[in-house]
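Fair warning: this is a prediction, and the values are worked out from it, not measured in the lab. In the text below, chain A, chain B and the rest are named by the order of the sequence lines, each starting its count at 1.
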There are 2 protein chains.
Amino acid sequence: MNNGSSVAGLVETLRQDLDKYAVGERLPASRALVNRYRVSPVTVTRALAQLAAEGLVVTRPGAGSYRAAGGPAAVRRQADTSWQQVALSAEHSPDQVPRTVDASGLLATLAAPPAGVVQLHGGYLPTSLQPERALASALARAGRRPGAWNVPPLEGVAELRGWFAREIGGPGGPLTASDVLITAGGQSALTTALRALAPPGAPVLVESPTYPGVLAVARAAGLRPVPVPADADGVRPELLAEAFRATGARVFVCQPLFQNPTGGVLADDRRPAVLAAARSAGAFVVEDDFARRMAHEDAGPLPRTLAADDTEGVVVHLCSLTKITSPNLRVGALAARGPVLDRLRGNQIVDSFFVPRPLQEAALELVGAPAWPRHIRTVAAELRVRRDALVAALRRELPSLTIEQVPRGGFHLWLRLPDGADEQAVAAAALREGVAVAPGRPYFAAEPQGPHLRVSFALAEHTAELDEGVRRLRTACAQLGLPTA
Amino acid sequence: MNNGSSVAGLVETLRQDLDKYAVGERLPASRALVNRYRVSPVTVTRALAQLAAEGLVVTRPGAGSYRAAGGPAAVRRQADTSWQQVALSAEHSPDQVPRTVDASGLLATLAAPPAGVVQLHGGYLPTSLQPERALASALARAGRRPGAWNVPPLEGVAELRGWFAREIGGPGGPLTASDVLITAGGQSALTTALRALAPPGAPVLVESPTYPGVLAVARAAGLRPVPVPADADGVRPELLAEAFRATGARVFVCQPLFQNPTGGVLADDRRPAVLAAARSAGAFVVEDDFARRMAHEDAGPLPRTLAADDTEGVVVHLCSLTKITSPNLRVGALAARGPVLDRLRGNQIVDSFFVPRPLQEAALELVGAPAWPRHIRTVAAELRVRRDALVAALRRELPSLTIEQVPRGGFHLWLRLPDGADEQAVAAAALREGVAVAPGRPYFAAEPQGPHLRVSFALAEHTAELDEGVRRLRTACAQLGLPTA
């Protein structure tokens, strides 16, 4: 699936084999390499290109590739960079705010696992569910449009802003194109929002448990995440109000719909209380609506966004097209009303200028195509099938793992392990057995509420993969003496 | 040139004209609108799409467009967002670092000026010099490659990292693909670097004058920019060493090649002194090598990057393909050796995950194509012609504006105004006369060294535009009583 990895593999093999050739000696022809290593011609070309880039191989168009004299490996001066450890750690002075950059929680779900490992940890759709052909055509057309390569409007292409405004606020709702800022996907939107709304050193309220990406962004910005307990009905408003009072925080980040990791949905009777608590604290609610387009077939009608019910500019809404299309269509939106939008806009321009126009145009074509609603329906059906298969397999093989809630949207199940179980050990044993799952610790801003695992049903190409993954997880649990069926 | 603006213009016109039609009444056919407003069919389609997005117009495929009933403008509830002013300003507490977000310096060069204005303020190539056709084909092919839409290696596509390593370190130089991180253009690279290297509240040394984007990024990150004087030979090493001692700064940002705005080049005899000053301060040198590919035809052989001469991991190098290709090919690189690269990588992943693979693949194809060196040569020749034309026009029409240095690379001339001249007044008068120039103030971290203007020769499609621009600038200066020829 990951083309890059096969190239990397061939590069390694060839690098070692290079010693078999004299400097200046011709390497086997590409055809020969294709046959010998059972890889595609593209892979061979790319591997040779990289070795050429590293100076180990010289490629003469038409004449083939030759071993180069030495290359960096031979001539490279080893740098003594040990001083950097001091420079990078000596970060604490009275007038400076320490901030920690920890991508591990994200790497756990972004990094590609070893081949053969069943991926129950991913946060994207499987290739088979990504609209690759439509994406390719849309991108090709976008790049050829007149003006496609000129600087776009800095806030984003007007029609795309209008589409997001309608999606977020509802038709005839409170939002118009001018309330929307196009962003480079959801993570960038979150970064822009938190950096714009809170100064380094400030507290920021988050749901407990919550998405590790929120915690990573907050800490990288020098903010102090403060957890507010959430249950199956979302955050608990009375504790939210208490947290605002106790911390003086001016920002609360939440995922009211199909929360990650619990799958919880903010209950109707809690919605006004949440907005009121924020308003009376003079605080913003960052609504991360990441999962609306990943509702399952049996989700029924979805609640409106908080932004659609917001009459006082309390809500800063963010969403993205990335998860429902491809990890590479990094196009999302921030929507807000009032002066805060200028603050968000200024932050984004300073950070990264704007989102490439061809990506915006491709996104616009994609969501405007007749196939779009069909794609959403297909994903909804497929996610429901996968979710049910994973739930059934877990209840069959691992009844001692409590499924705290069967979600009607999103990619994940949140599993409670028996008290005293070591989630890290389980995840490690599981990986040895050939299945990747995410331990629960990174989802808590402070002490965790017991041991958990997050397992994803999204990335599996077939339900058989999910069954096999659960069997492997069962073996891992058995090794650690956890009760299994 | 900017398609978006013509669409926006038509949208405004149509929005006003809407009152002339009854609700449900059919608007003129697209053809009629094309003729009436002298715009392209694409523009009409997009304008109608936006009005439809705003709920003001209903479009029935095949049947035309009709005025909608009311639309948000009518039903939209006005939000009272005045409380936000308090929330956004109440940012100072003993344990919080104030940071200011000011995009104005960047907007001065990014925002599209009114039609008919001669653009002597831009920072990108004119459309005629952008390799649009090659970009379009490369992007189209990239989107169709197998695996093009899968998550790329988080550090970037290996072959592209290798290409940057060779470009930055030189063939057989100290850098390999593993020392390079692909970024979403130069501004993002700068943001990642400054946030990774200095905590909020820390000082950061910058050249004086310097690129406003550096100051904006630093201040948005809560850093304190400290100016270090630079002259035609770049930063003055003895003052740099003094600044490190005085501030305890651990970061110095510089543009050693064709500095923006002065065009200065760090002199050979200063290079070791700059690296030594940083090293003995335990500090990093962020080398913003933004202009290497915009060297003019008469530049002669270019000095190596500081990164190529760095034996101790002092240099964090950044560069981008954006300026030499298109503002929308937001692909750049960070190169560094030692643990600092992990810090940079972590920051980028947390902020924005990764750069879309299709953009990386398109960039890779572009720089690997036979046409690439030809493109660089064409730009070099064209920039020299434009530079000479602007210099000649200024010396002819405005001898009282001192051209502090005729640069051999980049897009700009840095002009010293007569003492006591008001650069803001000149820029404003110039805009009234129909020419956009950048006042010098935003280029200084502290008090400016006298009044300046930055004028660009890059964005002009023809040298006649430059002549006309200078004539208009001359009129503006004359109005303010500045001596003219």
Side-chain angles (χ1 to χ4, degrees), chain A residues 2-4 46 49-50 53-55 72 75 77 79 81 84 87 91 95-97 101 103 132 136 139-140 143-144 147 149-151 153 158-159 162 172 176 187-188 191 199-202 216 220 222 250 282 311-313 326-328 330 337-340 346-347 349-353 356-357, chain B residues 2-4 49-50 53-55 72 75 79 81 84 87 91 95-97 101 103 132 136 139-140 143-144 147 149-151 153 158-159 162-163 166 172 176 187-188 191 199-202 216 220 222 250 282 311-313 326-328 330 337-340 346-347 349-353 356-357:
Chain A
N2 185 322
N3 191 291
R46 294 181 171 206
Q50 182 175 343
E54 296 179 14
V75 304
R77 290 156 292 160
T81 59
Q84 288 184 1
E91 278 198 356
D95 57 349
Q96 293 175 19
V97 174
V101 177
E132 292 204 351
L139 191 64
R144 296 210 171 87
W149 296 96
N150 297 340
V151 175
E159 302 88 317
T176 68
Q187 190 71 11
S188 298
T191 299
R250 297 187 173 280
T311 57
E312 298 180 285
S326 155
N328 290 285
R330 305 206 64 72
R337 297 164 69 189
V340 66
N347 266 272
I349 292 171
V350 168
D351 281 5
S352 55
F353 285 178
R357 185 192 283 252
Chain B
N2 185 322
N3 190 292
Q50 180 176 341
E54 295 178 15
V75 305
T81 59
Q84 288 184 2
E91 277 198 359
D95 57 348
Q96 294 175 17
V97 173
V101 176
E132 292 202 353
L139 192 64
R144 296 207 170 89
W149 295 95
N150 297 337
V151 176
E159 302 89 318
W163 180 82
R166 208 174 49 230
T176 69
Q187 189 73 10
S188 298
T191 300
R250 297 187 173 279
T311 57
E312 298 180 284
S326 155
N328 290 285
R330 305 207 62 73
R337 297 164 69 187
V340 67
N347 267 272
I349 292 171
V350 168
D351 280 4
S352 56
F353 284 0
R357 186 193 281 254

Distance in Å, B:T81 OG1 paired with A:R337 CZ, rounded so as to fall on 0.5 Å steps = 8.5 Å

Rounded to the nearest 0.5 Å, how far apart are CH2 of B:W163 and CD of A:Q50?
-> 15.5 Å

Any residue meeting side-chain contact (heavy atoms from CB on, under 4.5 Å) with B:D351, in chain and number order, not counting sequence neighbours =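 So B:D351 forms a side-chain contact (heavy atoms from CB on, under 4.5 Å) with A:T191, A:R195, B:R195.
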
Of all of B:G313, B:G346, B:G201, B:G143, which one pairs up most often with chain A through heavy atoms under 4.5 Å apart?
->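 That would be B:G313.
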
Taking every heavy-atom pair that is under 4.5 Å apart, which of B:G222, B:A158, B:S326 has the most such pairs with chain A?
->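 Winner by heavy-atom pair count: B:S326.
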
Between A:A202 and chain B, which part of the residue has a heavy atom less than 4.5 Å away: side chain, backbone, both or neither?
-> both

Top residue by heavy-atom pair count (under 4.5 Å) with chain B, among [options]?
options: A:A220, A:A216, A:P339; value: A:P339
options: A:V350, A:N347, A:V101, A:I349; value: A:V350
options: A:A49, A:P356, A:G162; value: A:P356

Check whether any side-chain N or O of A:Q84 sits under 3.5 Å from a backbone N or O of B:V340 as a donor-acceptor pair, and report yes or no.
->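 Checking the backbone N and O of B:V340 against the side chain of A:Q84, a donor-acceptor pair under 3.5 Å is found.
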
For B:E132, salt bridge (Lys or Arg N to Asp or Glu O under 4.0 Å) partners two or more places apart =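 For B:E132, no residue satisfies salt bridge (Lys or Arg N to Asp or Glu O under 4.0 Å) once neighbours in sequence are set aside.
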
